[in-house]
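This chain uses plain numbering: 1 for the first residue, then up along the sequence.
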Amino acid sequence: GSAALGVLVDGAGIGSASNAIETQVASLHLTNSGHGDVSIEEADAVTIDSIAQGTSGKVQITTRNGVITVGGSGIAATSGTVSLYAGRAALEVNAAITTTGGDVSLTAEGGDLTLAAGLQAAGGDVRLRSVFGSVLTADSANQWLKAGADYDARLAWLMENGKFAV
């Protein structure tokens with residue numbers, strides 16, 4: 001893999017669901033302030049340092065053969081779906097993934113899906129899938145159901161209303 005940082009800032013989308021931008025970088029910093037999707041297909045492993053999707057477009061990050069690590073400031077989206085798919089590898093969530101109304105779908109095709117930070121899909125569904133591994137909570141973040149000292153009411157609502165599937 002490369003040690004390069006991919007920084008893309010646009011107001012009209014970064015790739016599309018039908019035509020993702022192909023990359024081979026070590027990390028991504030993506031900002032879309034206008035309309036459109038954010039869609040990346042990475043050749044190998046990648047760390048997401050930051051994704052800010054300021055519109056209702058989708059966020060779709062896929063690796064063909066590599067781990068996806070969410071780090072830095074994580075992923076913040078509005079009402080569009082956030083979808084991460086680690087092809088033939090694990091997926092590690094070390095920084096928050098939040099939407100203000102969209103779904104969150106996380107898939108680790110060839111390893112564990114490890115949650116070490118929060119997922120918030122305000123009103124959307126959360127889908128966690130590990131094809132050849134397990135869905136795990138990291139020891140360092142075994143309180144991911146909590147917001148401060150109390151259980152996160154939004155996550156409790158998602159679970160109680162069948163919108164959280166593992």
Side-chain angles (χ1 to χ4, degrees), residues 13-21 23 28 30 32 36-42 44-147 151-166:
I14 299 169
S16 68
S18 62
N19 190 20
I21 293 177
T23 63
L28 292 168
L30 308 172
N32 183 34
D37 297 334
V38 172
S39 187
I40 300 289
E41 182 177 316
E42 169 64 28
D44 51 23
V46 68
T47 296
I48 297 170
D49 287 334
S50 171
I51 296 178
Q53 171 64 307
T55 74
S56 62
K58 298 176 185 173
V59 172
Q60 180 177 309
I61 308 296
T62 302
T63 59
R64 282 187 241 134
N65 187 17
V67 173
I68 294 176
T69 303
V70 180
S73 60
I75 300 172
T78 58
S79 59
T81 297
V82 173
S83 175
L84 304 180
Y85 189 97
R88 300 181 184 152
L91 197 157
E92 301 170 359
V93 179
N94 298 324
I97 298 173
T98 61
T99 71
T100 59
D103 297 341
V104 175
S105 176
L106 307 177
T107 302
E109 185 182 70
D112 293 335
L113 168 55
T114 304
L115 301 171
L119 302 175
Q120 294 181 358
D125 293 340
V126 175
R127 293 178 190 86
L128 306 176
R129 183 168 182 236
S130 180
V131 179
F132 293 107
S134 299
V135 176
L136 306 170
T137 300
D139 290 340
S140 62
N142 62 6
Q143 299 297 318
W144 68 279
L145 287 170
K146 293 194 172 195
Y151 281 95
D152 188 330
R154 295 169 294 198
L155 189 52
W157 182 89
L158 288 170
M159 294 172 84
E160 290 167 1
N161 289 284
K163 299 205 178 267
F164 190 96
V166 176

| task | Check the pair Thr63 / Glu42 against side chain to side chain donor-acceptor pair (under 3.5 Å), numbers first and verdict last. | result | CA-CA 5 Å; Thr63 59; Glu42 169 64 28; over 6 Å; no
| query | Given Leu30 and Ile61, is the side-chain contact (heavy atoms from CB on, under 4.5 Å) satisfied, shown in steps? | reply | CA-CA 11 Å; Leu30 308 172; Ile61 308 296; 4.1 Å; yes
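Pairs of residues two or more places apart, or lying in two chains, never qualify as salt bridge (charged side-chain N to carboxylate O under 4.0 Å, His left out) while including a residue from residues 74-84.
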Only pairs under 3.5 Å count here: list side-chain donor-acceptor contacts from residues 78-89, not counting sequence neighbours, and write none if there are none.
residue: Thr78; atom: OG1; partner: Thr55; partner atom: O; Å: 2.2
residue: Thr78; atom: OG1; partner: Ser56; partner atom: N; Å: 3.4
residue: Tyr85; atom: OH; partner: Glu109; partner atom: OE2; Å: 2.6

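Considering only residues two or more places apart in sequence or on other chains, Leu136 meets the side chain to side chain contact (heavy atoms under 4.5 Å, CB included) condition with Asp112, Thr114, Ser134. For Arg64, the side-chain hydrogen bond (donor to acceptor under 3.5 Å, both in side chains) partners at least two apart in sequence or on another chain are Glu41. In this view, Asp103 and Arg127 satisfy the salt bridge (charged side-chain N to carboxylate O under 4.0 Å, His left out) rule, not counting sequence neighbours. For Asn19, the side chain to side chain contact (heavy atoms under 4.5 Å, CB included) test picks out Ser16, with sequence neighbours left out.
Judged by distance alone, with hydrogens and angles left aside, the side-chain atoms of Ser130 form a donor-acceptor pair with the main-chain N or O of Gly111 at under 3.5 Å. The main-chain N or O of Gly71 is never found under 3.5 Å from a side-chain atom of Glu92 such that the two would form a donor-acceptor pair.
Counting only heavy atoms from C-beta outward, the side chains of Ile68 and Ile48 approach each other to under 4.5 Å. Side-chain contact between Thr62 and Ile40 is absent, with no heavy atoms from C-beta onward closer than 4.5 Å. The closest side-chain heavy-atom distance from Leu106 to Val135 is not below 4.5 Å.
The residue from Val59, Ile51, Val38 that alone fulfils the side chain to side chain contact (heavy atoms under 4.5 Å, CB included) condition with Asn32 is Val38.
How far CG of Leu91 is from OG1 of Thr107: 8.0 Å, rounded to the nearest 0.5 Å. Residue Ile75 holds its CD1 atom at 11.0 Å from CG of Asp49, rounded to the nearest 0.5 Å. Going from atom CG of Asp37 over to atom CD1 of Ile14 covers 10.5 Å, rounded to the nearest 0.5 Å. Leu28 contributes atom CG, which lies 11.5 Å from atom OG1 of Thr69 (distance to the nearest 0.5 angstrom).
Across all non-hydrogen atoms, the minimal contact from Gly72 to Ala95 is O-CB, 3.5 Å.
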